[in-house]
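One structure below.
Letters go in sequence order (proteins before strands), and every chain restarts at 1.
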There are 2 protein chains.
Amino acid sequence: MTQDTAPASSRRESGSVTLQDIAAHAGVSRSTVSLVLRESPLVADRTRIKVQAAIKELGYVYNRGAAALRGSHTATLGVVVYDIATPFFGAMVAGIDAALNREGYVSFLANSEDSPERQQRFLERMREHRVDGILLCPAEGTPASLIDTLASWSLPCVQVLRHIGEPPFDYASSDFARGVHQAVGHLVKLGHRRIAFLGGHAQHSATQERWQGYSDALAHHDLGYQRLVRGQVTRRAGLELIETLMQETPRPTAVICHNDLMAFGAMLGLKRMGLTPGVDCAVIGTDDVEEAALSDPALTSVATHPYAIGEEAARLALRRIADPNGAREQVVLAPRLQIRESCGSASQATLPASPITSDSTT
Amino acid sequence: MTQDTAPASSRRESGSVTLQDIAAHAGVSRSTVSLVLRESPLVADRTRIKVQAAIKELGYVYNRGAAALRGSHTATLGVVVYDIATPFFGAMVAGIDAALNREGYVSFLANSEDSPERQQRFLERMREHRVDGILLCPAEGTPASLIDTLASWSLPCVQVLRHIGEPPFDYASSDFARGVHQAVGHLVKLGHRRIAFLGGHAQHSATQERWQGYSDALAHHDLGYQRLVRGQVTRRAGLELIETLMQETPRPTAVICHNDLMAFGAMLGLKRMGLTPGVDCAVIGTDDVEEAALSDPALTSVATHPYAIGEEAARLALRRIADPNGAREQVVLAPRLQIRESCGSASQATLPASPITSDSTT
DNA sequence: TTCTAGATTTGGATCAATCCAAAAATACCT
DNA sequence: AGGTATTTTTGGATTGATCCAAATCTAGAA
């Protein structure tokens, strides 16, 4: 009989095998089988073995839906991001996935495309599916009340990257303000005095924290020049914004970008203007996506560790599910400045670029 | 009373409202409410309205888990990809998400990281969750028998991008062979005679189809030079492989890459060697990710439309779920060559690059 | 008014698990 | 052997919806 490789697929059409069937086959009750399945210490070894054999022999498949109906959790989580097509989110979702899988959880994914309506529809669907919790990167324009709504649904929610509503809330992210601060500090050390910031124009905490970090750092280093340009946080916007920026007088000698995509765009823009990134203008990005090390020139970037943020967010969600009334937590990872060629500190001489930044202080 | 904005949240702690409660409130039976919920034409307008009012007033939340237990489907799908961190997959998942959402479906996402074991664990979990179907980009090394296993589980499965097992199967992808063919054709038209291919080293259909397209195209154009280099399909591999390739004699005058990531790496490699992509060596990528238009130089690429593939795959899956025994379908989208500067045909003079490729035919 | 076809509505069984209180089996002490 | 304590096992109720066959209601015809 071939029933080891394909466990008794001949059982019955495909009309699933139930606990009852196993119970009958093993000569015990439904309840006992259930206990074995859930690895309860109540059941005697001899019985456990007998039941496990029956389970294997009949090719039983646990029905999580039925279990969820009677029990209290579904082992599922809803994950909402606003732009899955971005390498940053890809890495973050990979981190979430890895951490959840380890705990036997599985996640629904939705891409809100920054539409609060789509986000809302998805959340309602998640409620109908009785997910145990939500990992939410709130779409732009999400009303702060959403957090209360979720709370009134008694659906645990961990905010990621961006946050809305009033503290305390569960939150996992990177310390964006500190990241910008580090970037400014490094540029100052290299002699820069006119440092611009290419930022997002939206109302997010993630955007505002960077602005804050920027202006605080300028004040801290006593820099008079302050120039914050806003736009989409895309490659194309970086390309376009740098152009206007470099036509101003005085022009900045360095620019820090909201994310790496903008930074790549900015570097491309500089090149199109006949300027050399890292020589005529230093460029620093944020996120340190994989591509940063392999761009031309290699991009100096504030590493925000998306994979780790994903893992932390997932862990936090599981903690909150286990203890819904526990104290809210904020896991804010420290960023790390990854220095490469684009800010002119040319540690590796891979490109024929002059080692020291050209800058002209007032 | 504030019960319009927050629909009667005072109903009962949060011990959910059931069909029974609504039935009682509206003075009808459980069954009738169920019919209203499912928009059955059987129920009279007057009753429908009465019930809908009760639903709204009590703040009822449909319990899909309970429905799935008795009914026949769960309105969920499992999606397995092998590298979500890549922009290509990001776009594809976005397409899947959009198409599914339109039909009220929701999807579990798993990132196999090309591990057949992780993939297997996820699929088993999906079975326990009773998903209606699977969208599978098979991990490298997946045994062909997996398709039969899924069939024996009577779990509809649409393969995406890669395929394993024997036809007929459901499959959504791009015509990779044709894409490479187009690329070769274009290069030949520009005068190239020594065209190399930077490909993946894995055992996928997606890799092999490209090789096939490459050698067929060479034969078709009567080119004697054939050089296929294999490696990982990453930016770094592209960077490294181009280096060895350009040190050979004779060296190719053009190179086609398995995907855009490799192409970006190859262009960077050329630059690091002091060569100019599009002048000293033409480069063509595959996929036409967003970044292709904004690289330096802009990358000529075979557009494979990941978003559209995602949508098609989702649609196909829904069709198969609706009709499990219908004829298997293959949706293979035609790629389109997107011509930009990296192959030297410099249509836009944004860069100070010489317009015509330098090539020396035998 | 009675009958009947057609349109609505309904209660009971069912889906596959978990919970719980009580029963049965076993072990431990005099 | 008898009685208590402890460990295992169990049947019945429960979860919240759907299916289905039968019951009820309505309107039009005779």
Nearest-Å distance for atom pair [atom1]/[atom2], residues [X] and [N]:
| X | N | atom1 | atom2 | result |
| --- | --- | --- | --- | --- |
| A:Asp21 | C:dC15 | CG | C1' | 13 Å |
| B:Asp45 | C:dA7 | CG | P | 14 Å |
| B:Arg48 | C:dA7 | CZ | C1' | 13 Å |
| A:Glu128 | D:dG16 | CD | C1' | 14 Å |

Ring centres under 6.0 angstrom apart (A:Phe89, A:Tyr82): yes
Pair A:Ser173-A:Tyr171, side-chain donor/acceptor within less than 3.5 Å: yes
Any donor-acceptor N or O pair under 3.5 Å, side chains A:Ser112, A:Ser115: no
Phosphate-side-chain proximity, A:Ser16 and C:dA16, N/O vs OP1/OP2 below 4.0 Å: yes
Distance below 4.0 Å between B:Thr47 side-chain N/O and C:dT9 OP1 or OP2: yes
Whichever of B:Leu69 and B:Val28 has its nearest DNA chain C nucleotide further upstream toward 5': B:Val28
Taking every non-hydrogen atom, the tightest pair across B:Arg48 and B:Val43: NH2-O, 3.1 Å
Intermediate values then yes/no, salt bridge (Lys or Arg N to Asp or Glu O under 4.0 Å), A:Asp132 and A:Arg320: CA-CA 10 Å; A:Asp132 295 339; A:Arg320 184 61 55 244; over 6 Å; no
Separation between [atom1] of [X] and [atom2] of [Y], rounded to the nearest 0.5 Å:
| X | Y | atom1 | atom2 | value |
| --- | --- | --- | --- | --- |
| A:Leu77 | A:Leu109 | CG | CG | 11.0 Å |
| A:Thr74 | A:Arg130 | OG1 | CZ | 10.0 Å |
| B:Leu135 | B:Met92 | CG | CE | 7.0 Å |

From CA spacing to verdict: side-chain contact (heavy atoms from CB on, under 4.5 Å), B:Phe108, A:Thr76: CA-CA 9 Å; B:Phe108 290 106; A:Thr76 60; 3.9 Å; yes
Listed nucleotide nearest any side-chain atom of B:Ser29, set D:dT10, D:dT8, C:dT10: C:dT10
Letter per nucleotide, 5' to 3', of nucleotides 17-27 of chain C [B base touched, S only sugar-phosphate touched, - untouched; heavy atoms, 4.0 Å]: BBB--------
Five-pair end axes of the helix from C:dT1-D:dA30 to C:dT30-D:dA1 and the angle they enclose, rounded to 10°: 50°
